[in-house]
Amino acid sequence: MMKEEKVIANVNNVTRTLIWRYIQTKGITLNKFCLEAKLHQSNIHTFLKGKTVSTATIEKIGKFLDANK
């Protein structure tokens, strides 16, 4: 795997961890998280299971989590 691919894979894994941590900390469901973050639940569900999402979605997740610390 090239260095850039490892960075991208790491970003996905970190994002997954942050989503799970947020859900657990807030005591909410994945559906509620998606509603609050204005994300499609089916996309985030498959992302959490190992698939990828667009860079724009990763950015949207990051902005939401940053704004809701």
Side-chain angles (χ1 to χ4, degrees):
M1 191 180 287
M2 294 174 44
K3 184 178 179 182
E4 293 84 1
E5 291 169 333
K6 287 182 182 179
V7 169
I8 291 169
N10 191 42
V11 167
N12 286 330
N13 289 333
V14 168
T15 304
R16 286 181 188 100
T17 300
L18 291 172
I19 291 170
W20 282 121
R21 197 175 294 157
Y22 182 87
I23 287 169
Q24 291 172 344
T25 300
K26 299 291 184 178
I28 62 172
T29 64
L30 177 60
N31 188 53
K32 183 165 173 63
F33 168 78
C34 291
L35 288 172
E36 290 178 0
K38 297 182 175 87
L39 299 163
H40 294 283
Q41 195 268 345
S42 60
N43 290 349
I44 302 307
H45 177 75
T46 57
F47 172 67
L48 292 174
K49 297 293 182 188
K51 300 291 182 183
T52 59
V53 291
S54 70
T55 303
T57 299
I58 295 288
E59 290 174 3
K60 192 172 184 179
I61 293 166
K63 287 177 183 177
F64 173 80
L65 293 173
D66 187 48
N68 292 280
K69 291 180 186 174

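Computed over heavy atoms, backbone and side chain alike; hydrogens, waters and symmetry mates excluded. Along the sequence shown, the residues carry numbers beginning at 1.
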In terms of hydrophobic clusters joined by side-chain contacts under 4.5 Å, are Val53 and Leu35 together? no

Nearest 0.5 Å, please: how far is [atom2] in [Y] from [atom1] in [X]?
| X | Y | atom1 | atom2 | value |
| --- | --- | --- | --- | --- |
| Trp20 | Leu30 | CH2 | CG | 6.0 Å |
| Phe33 | Leu48 | CZ | CG | 8.0 Å |
| Thr25 | Leu18 | OG1 | CG | 10.0 Å |
| Thr15 | Ile58 | OG1 | CD1 | 4.0 Å |

Under 3.5 Å donor-acceptor pairs involving side-chain atoms of residues 37-46, not counting sequence neighbours:
| unit_1 | atom_1 | unit_2 | atom_2 | d |
| --- | --- | --- | --- | --- |
| Thr46 | OG1 | Ser42 | O | 3.2 |
| Thr46 | OG1 | Asn43 | O | 2.9 |

Flag side-chain contact, heavy atom, 4.5 Å: Thr57 against Phe47: no

Would you say that Glu36 contacts Ile28 through its side chain, given a criterion of any heavy-atom pair below 4.5 Å between the two side chains? yes

Would a distance-only check, ignoring hydrogens and angles, find a side-chain to backbone donor-acceptor pair under 3.5 Å from Asp66 to Gly62? no

Can Lys63 and Glu59 be counted as an ion pair, charged N to O under 4.0 angstrom? no

